[in-house]
Amino acid sequence: MSFQPKDIERLARLARIALEAEETPALAREMSGIFDLIDQLQSVDTGSVQPLASPLDLIEAQVQRLREDRVDGAIDRDANLANAPQAEHGLFLVPKVIE
């Protein structure tokens, strides 16, 4: 994939990133290089490779230190809401992020 400076300018505008005009050609080359590497990775045939259950199995057999999966009881809503900066009617209040 080949990025042009106008593509980088558009991406910067969408991401609300301030870029200087002299930065865009170098960034376009870098982004093109990154996507070329991704294309190379995607072109590798991995059909005959068996998925691993865990990469640690290849190193040595290790005991996984996982806790027992069990139900501990109900969540204490009042205790959790006591830590909230704002709460109302048993709910967390958060700032509006979408207009």
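Numbering starts at 1 and runs along the sequence shown. Computation of the quantities below employed the complete heavy-atom set of this structure, encompassing side-chain atoms and omitting hydrogens, waters and symmetry-equivalent molecules. The structure presented is a predicted model; accordingly, all values stated were derived computationally and were not measured.
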**Student:** Could you tabulate the donor-acceptor pairs under 3.5 Å formed by side-chain atoms of residues 20-33, not counting sequence neighbours?
**Tutor:**
{"unit_1": "Glu23", "atom_1": "OE1", "unit_2": "Glu20", "atom_2": "N", "d": "2.6"}
{"unit_1": "Thr24", "atom_1": "OG1", "unit_2": "Ala21", "atom_2": "O", "d": "2.9"}
{"unit_1": "Ser32", "atom_1": "OG", "unit_2": "Phe3", "atom_2": "N", "d": "2.7"}
{"unit_1": "Ser32", "atom_1": "OG", "unit_2": "Ala28", "atom_2": "O", "d": "2.9"}

**Student:** Taking salt bridge (charged side-chain N to carboxylate O under 4.0 Å, His left out) as the definition, give me every residue that meets it alongside Arg70, ordered by chain and number, with sequence neighbours left out.
**Tutor:** Asp72
**Student:** Do other residues, nucleotides or ligands put more than 12 heavy atoms under 6.0 Å from the CD1 atom of Ile75?
**Tutor:** no
**Student:** Would you please name every residue forming a side chain to side chain contact (heavy atoms under 4.5 Å, CB included) with Asn83, sequence neighbours left out?
**Tutor:**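 Partners of Asn83 by the side chain to side chain contact (heavy atoms under 4.5 Å, CB included) criterion come out as none, since no residue qualifies.
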**Student:** Clusters formed by hydrophobic residues whose side-chain heavy atoms approach within less than 4.5 Å: which one holds Val71, and what are its other members?
**Tutor:** none
**Student:** Residues two or more places apart in sequence or in another chain: which of them pass side-chain hydrogen bond (donor to acceptor under 3.5 Å, both in side chains) with Ser2?
**Tutor:** Gln4
**Student:** In the hydrophobic clustering (ILVMFWY, side-chain contacts below 4.5 Å, transitive), which residues join Leu81, or is it alone?
**Tutor:**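 Direct or chained contacts put Leu81 with Phe92.
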**Student:** Quick one: side chain to side chain contact (heavy atoms under 4.5 Å, CB included) partners of Arg10, sequence neighbours excluded?
**Tutor:**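 Listed in chain order: Arg13, Leu14.
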**Student:** Can you pull out every ring pair (Phe, Tyr, Trp, His ring centres under 6.0 Å) where at least one residue sits in residues 9-29? Sequence neighbours excluded, please.
**Tutor:**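 Applying ring pair (Phe, Tyr, Trp, His ring centres under 6.0 Å) to every pair that reaches into residues 9-29, excluding sequence neighbours, yields nothing.
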**Student:** Other members of the hydrophobic cluster containing Ile98, with the 4.5 Å side-chain heavy-atom rule, please.
**Tutor:**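 So far as hydrophobic clustering goes, Ile98 is joined with Val97.
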**Student:** Could you list all the ring pair (Phe, Tyr, Trp, His ring centres under 6.0 Å) pairs where at least one residue sits in residues 10-33, not counting sequence neighbours?
**Tutor:**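 Of all non-adjacent pairs touching residues 10-33, none passes ring pair (Phe, Tyr, Trp, His ring centres under 6.0 Å).
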**Student:** Just jot down the side chain to side chain contact (heavy atoms under 4.5 Å, CB included) partners of Gln40, sequence neighbours excluded, or say none.
**Tutor:**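 Per chain and number, Gln40 pairs via side chain to side chain contact (heavy atoms under 4.5 Å, CB included) with Leu37.
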